[in-house]
Every structure is written in structure tokens, then in C-alpha cells.
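Since we're looking at a predicted model, the values are computed, not measured. Each residue takes its place number in the sequence, starting with 1.
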Amino acid sequence: MSEAPTPRSRRWVWWLLGAAIVLLGITLVVQQLLDPWLRRKLEQQVTIQTHGQYRLQVGALHTSLWQRAIRLSGLRLRPAATVADTLPRVQLDAAQLNVTGIGLLALLRKGVVPIDSVVLDSARIEVLALARKPTKNAGKPLYEQLPLKLKGLDIRYFGLLHTRANYQPSGAQAQPTARFRRADLSAQNLLISAAGAADSQRLGYAIGWNLLLQHAQGQAAGHQLAVAGLTIATADHLIQLDSGRVQPLEAARTDQPRVDLLLPRLRLTGLQAAALQHQHRFRADSLLIQQPQVTAVLPANSSAGNSKSATDYLKSLDLAHLDVRGGYVRVQGAAANPIIHGLEVAGTAIHFDSVNAPNAQRIFFAKAWEAALGRSQATVAAHALALGSLQLSTSAGTFTLRSVRIRPPAPGQGKPGGLRVDLVLPSLALAGLDAKALQQKHFQAQSLVLDRPNLHFTPPVQPPPPFWKLLSKYLRRSDLAVVRVNHGELLFGRWRHAPQVRDLNVTATAIRIDSAANADPGRIAYARAWLLNTGQLSAPFDPPFYQASSAHVHLDTNAQQLVFSDMLLKPQFSPIGMNLHKGYQAPAVTIKLKALTLAGLAFKGLVEHGDFRLKRVTVQSPVVTIASDGRGPINPNRSKISPEEMLNLPVIIDVPRLDLVNGNLYSTYRNPLTPLTGTMNINRFNGTFYNLSNDRRHQTAARPLTGKASTYLQNQCRLDAQVSMYLLDPKGRHRIWGAFGPGPFAMLNSMTVPTKLVGFKSGKAQRIRFDMRADRQGTTGTMWAEYSGLQMELLGYKNEEAKKTLIKRVISKAVNVVVIRDQNPRKRGKLVTGEMKSTREPRFSVFALWRQGVVSGLFNNVGVP
């Protein structure tokens, strides 16, 4: 049986229990005294620290030594009536401030104080003004401004919950303002100390921040900003903005840009916020911008100022993916004034380094770009540009435009005498684009195809520099493997002989545009080869009097061939109309050609200098109709259709051989004396001419133009003729010789009777030879006419027709007996020659001179004085 405990052995328990009761009592007393003391001390400390500028009211303060916590409620901070310039003017109302888990020992030692949590709940902040003259301490780091000279605070959780704020400074309306209906801000592991500031893994002293902002508004720089929601979670590397809106204020300054922005959503993921703060390097996974709508109005007079660019703060940028969807952009006040619908942009692996040079393996700082535009418009050089869609893919190397429309400036707008473009382009497709080379100012692609372009192009009055020089402002070199134009329509303006082309089809290969290509003798207009086929080609000729056209044109630079099919030169007026419009006699000439073929054509000289150097020209089945009216004065100007005019040509024409095949000429002439019209035909003309050239290396006196031709006069009498003509002789000397026959003289009546009232009653030419020399003074030569039974008759004009009158019968008889030699050779067998002599009228063409020479020789041969 154990012994019962003695009273002495239980005495220490009572002592311990008593000490606990005493300590509890002291604690309760201290607790009751501490809360009011801390409350007063806190309110006094605010007054002292602000030199009486602020007054703090604490509704309730409760401390818990066991929990190392302090809880405040009913906080109210108010500024004095006048606040010093060194302090902001702020009003604060907060429902609760809870601080738990305070490290009391570290607090007493003034070291880094650990705190479990700091939560400010249901706060309302009114910022009426900022400090105008901040103190020197305002620029110090936050950990150097802590109270009680603490070395730092280590807060596991910091929360600013259900907060409302309003920044509405008094004074000028131009000052920025801001307010939000609710904000929830929290931070994890917030270390406010020197070590926390130096930690590159922290952002604003914390391992992570979370912000939820709702219904925020503000004003700055003449604009109003509204945000429905903003979420920032640095630990989750996320920033998301919902329903953002920027609108210009009506009272904004006119010299500031005005922006109207509607942004339904912006989402940034994978953001390395700490690297952005400490290293000024932006790194993120993706940036999504959904349906942005931007309208910007630029000021009329803007100055660059001293504003810094983003590269002054940002050392590098790395973004794995950028995605802009369904955007709308409109800019007013700029030169282009673009309006863009349906903007879609996607970029991958975007990298920018402000120090290093651009990476040649990237395309405008990205691995690849995909871009698309919907209906868009802009103004370029006073031209209105509109397009239905645009698509760009740098990875596929494609660029496409649809429904392009360019309208020229309205009358009175644009540069006077400048370029004018009127274009309808259903489709433009570029394939094989090397976008990496493009950023090095080297445009390189495989093919460019323009489908059904309709272009009205008016060149500037002042000829522009070479195309390569114009392009060099933007590109140092351009290379295109193939360029195609399908079924185009082309019309030129301003030029006197501006052409119009229908159904234009062009293929150009191996195009290179730079200074070296411009000087390359193996290139024609920057390309190795051109192949062209057209529908109708038309142009005014000697406007407004003629219109020239060709049903088809075929051009092949590899084959050195240019072919015009079904050519037509058509007068716009009748013969009398030509006389009236020109003020002198001018025939109405119609020319039809089945084909005009230029073979062996040197296209290089043609394009660069306008020279026609080729091997052979073939004119197939020409039909020429010349209608003349003899009423009116003679042309006062020298004729351009003369051999000596070759000296005055500004370009070189060098044709070794010219062939005219199966030609026909039909001429009509109305004499001033009678209204009757005479006709004359030359049929089945075939001729070959050699060395048609004004090149002094080829055209010499020893090697002139030569040729021979055969034809039929009135389709009855054959004519064989040859020509020798030194085209560079300033005196225009040349020789023509040939022979007529056989044929009846009566075949000339269709021309001589209506125009001269002279007819051939009978007579037949067996053979008429001639040898004529001509120059600028006239013609000389000899004619040998062998004929028989020649009888002529003179007619009178009565009752609108040529008739035989009694007087004319008598005169005709006398002429035939006394003047006219009825046959040659004479009855004794003597062949009488005729003298071909005619004075040159410089206002008439060389063809008129030839005709006059032949007529003079024939009349002299038959006995007419």
C-alpha cells in the first residue's frame, strides 16, 4: 500500500498555477491598456510624420499577442485644409486592416519582420492631388522608407480587397484622372528589403502578384479610357483585358493625335514579368488581340518633340505567337488615310534585339507572318486605292490581292501634270516570295500574275527617272522568274498617239531590276525575254484625223519577231472634211494590211532608243485607198514624204529587206472645176527593197536603197520599176526606171475624163520605158513609148456629166491631126523619145513628183507641149 502524497510535494503546482493566473491578469491588463495606446500612438504618429497635414481616425483596434495579430476597423484618413507641396492630397476610408503573424522579436530588433498576412478590406481611396515637389526621400527605394527604421518586411500574403479609388485632381481639366469601381490586389511572399529588391526572380518585391480590376475609367492626353475588366496574374504569367475603350474628348487639343479604340479582348500569356522589370526584356508565349477597332486622327501640324522610343527602355522582345483577329483600322490626317476592314495578323517566334543586327533568318523579326485584310482603302499620291482583300504568307511565300481599284485624282486635285492611274484589277498573285531577302531590300519571287487588269495610264509631263532608280529608294534589287498578264486592257493618256490595247497577254521571264540589269545588253526592259499577244491595238494617228488599229499583235523577243495582223488606218473625216479641218487640201487615206511582220528586230535598241534595227519587214496584202478633193488651198507646209527627210529622223531605221506582197491602191480625186470624181487603181503590187536605212554605217552613196517592184495599172497594164536612192543625200537625188505595157490608153479615162475632161478615144501602148532622175529641184529623164492608134477627145461638162460638144469635137479633131502623134515608132520606123521634165513642188510628196515626171514624159512623147 503506497503512501499518500505529502502537502509539501503539491506546493509547486499551486505556485505554478498562481503565477499563470498573475501572468494572465497582467496580460489582460496590458491588453486592455495596449489597444487604446496603440490606437492613439498610431493616430499621433500619422500627424507627426505628416507635420499635421493628415489626420488618421481609427474606429477600433484590437491586438492579439497570442496570435501576434492586430486588427483595425473604421479607418479614416483626411488631409488638412491645405496640404504642403511635398505631400499628395489623399482621402482614405477602409473597413478593416488585418495584420497577422507578426514576428515580435524581429520587430523589437528592427530587423526583417516576418508577417503572415496583411489584408486591407473595403477601402475607398480619393486622390485629390499629387505631390508637386516631392522630397528627396521620395526617390529612395521602398525598403529604405519603412517606419521604425526596420530593415524590411517579409509578408507571406498581402491583400488589397474590394478597393475603390478615384483620382480626380482639382484645377485644370487637362490633368489626368482615373477611377475604378473595384480592385482586388494580392501578392505572395512580399519581401520588402534590400535582398527582395535585388532578387531577379521577384517582381515589385513579390514572388507573384494578382490583380482583378473592374469598371475602370480615366482621362489623359485628351482621351477617355474605360476598361470593363483587367486581370493580371504574374505567377500564372497572364494578363487579360476585357472590353477596353479609348475615346477622344471633345475639348481635346487639335494639335494632339485623336484615337478612338475599341478592344473587346487582349490576352497575353507566358509573360516573364520579372525579366521585364529587372532586365528590360519582354518575353511571352502569346498575345491575342480580338476584334480591335481603331480610328486615329492625326494633327495637321505635328512635331517629333523629344519623346523616347520603346528601344530606350526595352532591350529585347521575344514573343512566341502574335494573333490579331478581325481588326478595323482607320487613320485620318495622314497622307494615305487608310481604312482597313477584317485585319488578320499572325506572327510566330518574334524576336527583336535593340543591340544586335536583325537576324537574316527571320522575316521582320519573326520566323513567319500570316496577314490578311478585308475591304480596305487608302490614298496614295492623291489616288484613291481600294481593295477587296489581301493575303500574305511568308512561310508559303505568297501574296494575293483581290478586287483592286485605283481611281485618279479628281479635276483640280493632285500634282499638275503628274502621273494619273485608273486601274481595275480583279486579281494579283505573287508566288515564291522570299520574305527573308525582302528585309534586306532584295525583292525575290518566282511568279507574278495579274489577271484581267484594266488600266488607264497617264504618264507625267516631266519624264521620270529610269524605273530602277525610282525603285532603288525602296529596294536595292528585284528578281522575278516569271511575270504574266492575262487578258488585260490598257489605255494610255496624254500622249499624242496614246495607244489602247485589248486582251493583252504578256509573259516576261528572268526579270531583274537594278542598275546592273539596266546596263545588261542581254536584257530587254529588265527581262531576258518577252512574249506578248493582244487583241485589238488602236491609237490615234495624226490626231484627230486618223485612227490606227491592229486586230492582233504578236511579239516574241526570243524569236526577234513582231507581227501586226489585220491593220487598219482609218480617216475620221471625208476628203472635204479633211480639207476643212486642216485648212488646206489633204487626202483621206485608208490603209488595210493583212499582216505586217518585223523579223530579226533588235528589241534592245527599240526599247531604249526607239531605233528600228531588224532584218526583214514583210507587208502582206496592203490595200490603200486615197480620196482627195482638189478644192481648197495647197498645203503650205513642206511634205514629210521625201527622201531627204530621212536625215531629220531622230531615230535609226535600219531595214536590210522590205517586201510588199500583193498590194492594191485605189485613188479618187475631185477636180475643182467639176463635181465628178476620177478613179485610178494600181493592183497586184509586189516589191522588194533593200537597205532601207538612215544608219551612216550602212547607207552610203555606193550602197544606197535599191528595189524593184511589179504592179498593174487599172489591173490591166503591167508596170515593172526599179529604184536607187541614197537616203542620206541632202539634195534628195535618186533614180527610178522601168517599163509599162501592154495596155489600152482608155484605161486612164476613169481619171482623166472626170478631172481634166480629156479622154483617150483609142490607142494601145505596146511598151513604155522610162528612166527618170529626181532631186529637190525636180525630175529629168527620157521616156520611150511604143504605141499605136492614139486618138484623144476633149469633152465639155453639161447637165452634171462630161459630154462631147460640137466645139470640143472640132478641137479634138484638130488636136488629133495637128498635135497628137497617133503612133510611135513613126511610119518610117523612127522611135521618138519623150522628155521627162517636171519642177519639184516641196509641198507635195515624192510620189506626186514621180507621177508628174511620168505624165510629162508621156505627154511629150505623144506630142502634147
Side-chain angles (χ1 to χ4, degrees), residues 75 88 90 92-99 115-127 130 141-143 153-168 176-192 196-197 199-220 224-246 261 263-290 313-314 319:
L75 297 175
V90 181
L92 170 66
D93 293 276
Q96 289 184 346
L97 173 62
N98 298 326
V99 182
I115 301 176
D116 289 342
S117 67
V118 176
V119 178
L120 180 65
D121 193 5
S122 301
R124 178 169 181 172
I125 305 171
E126 296 280 345
V127 181
L130 297 178
L142 180 60
Y143 63 87
L153 297 174
D154 187 0
I155 305 173
R156 290 187 180 181
Y157 176 81
F158 171 80
L160 189 62
L161 308 179
H162 305 97
T163 304
R164 299 178 65 182
N166 185 15
Y167 170 59
Q168 187 75 38
T177 64
R179 64 180 182 273
F180 53 84
R181 187 177 301 176
R182 175 174 176 175
D184 293 293
L185 176 66
S186 63
Q188 292 78 34
N189 296 327
L190 180 63
L191 178 59
I192 306 175
D199 190 349
S200 61
Q201 302 301 315
R202 293 177 180 270
L203 175 66
Y205 301 100
I207 293 297
W209 288 90
N210 288 284
L211 171 65
L212 176 60
L213 183 67
Q214 295 179 340
H215 303 291
Q217 294 180 341
Q219 292 182 7
Q224 180 178 353
L225 169 66
V227 176
L230 174 64
T231 301
I232 300 176
T234 62
D236 296 332
H237 312 291
L238 172 67
I239 295 179
Q240 179 169 310
L241 182 146
D242 295 304
S243 300
R245 184 67 190 269
V246 177
L261 168 65
L263 184 58
R265 172 161 293 185
L266 181 149
R267 183 177 177 85
L268 180 65
T269 63
L271 175 65
Q272 303 296 323
L276 181 61
Q277 177 189 4
H278 296 284
Q279 303 173 13
H280 301 286
R281 300 184 182 277
F282 180 91
R283 298 174 183 173
D285 292 338
S286 67
L287 173 60
L288 170 64
I289 303 176
Q290 287 186 338
Y313 306 99
L314 195 64
L319 181 62

If you round to the nearest 0.5 Å, how far is [atom2] of [Y] from [atom1] of [X]?
| X | Y | atom1 | atom2 | answer |
| --- | --- | --- | --- | --- |
| Y205 | I192 | OH | CD1 | 7.5 Å |
| L268 | L238 | CG | CG | 8.0 Å |
| R267 | Q290 | CZ | CD | 9.5 Å |
| L160 | N210 | CG | CG | 13.0 Å |
| I239 | L211 | CD1 | CG | 9.5 Å |
| F282 | Q272 | CZ | CD | 10.5 Å |

Minimum heavy-atom distance between [X] and [Y], given as atom pair plus value:
| X | Y | answer |
| --- | --- | --- |
| A187 | A206 | CB-CB, 4.0 Å |
| G204 | L190 | O-CD1, 3.5 Å |
| T234 | I207 | OG1-O, 4.4 Å |
| P176 | Y167 | O-CE2, 3.0 Å |
| A94 | L120 | CB-CD1, 3.5 Å |
| G196 | R202 | O-CD, 3.7 Å |

[X] side-chain N/O to [Y] backbone N/O, donor-acceptor pair under 3.5 Å:
| X | Y | answer |
| --- | --- | --- |
| H278 | Q201 | no |
| W209 | L203 | yes |
| D242 | R265 | no |
| H237 | L271 | yes |

Min side-chain heavy-atom separation [X]-[Y] under 4.5 Å:
| X | Y | result |
| --- | --- | --- |
| H215 | R182 | no |
| T269 | D236 | no |
| L161 | V119 | yes |
| L191 | D199 | no |
| R124 | L92 | no |
| L241 | L263 | yes |
| L266 | L287 | yes |

- With side-chain contact (heavy atoms from CB on, under 4.5 Å) as the test, would you mind laying out the steps for V99 and I115 before giving the verdict? CA-CA 7 Å; V99 182; I115 301 176; 3.7 Å; yes

- Message: For R156, I'd like to know if atom CZ has over 12 heavy atoms of other residues, nucleotides or ligands within 6.0 Å.
- Response: no

- Message: Apply side-chain contact (heavy atoms from CB on, under 4.5 Å) to residues F180 and V227 and explain how you reach the verdict.
- Response: CA-CA 9 Å; F180 53 84; V227 176; over 6 Å; no

- Message: Under the criterion side-chain contact (heavy atoms from CB on, under 4.5 Å), I'd like the reasoning laid out for V118 against L97: C-alpha separation, chi angles, the key distance, then a yes or no.
- Response: CA-CA 7 Å; V118 176; L97 173 62; 4.2 Å; yes

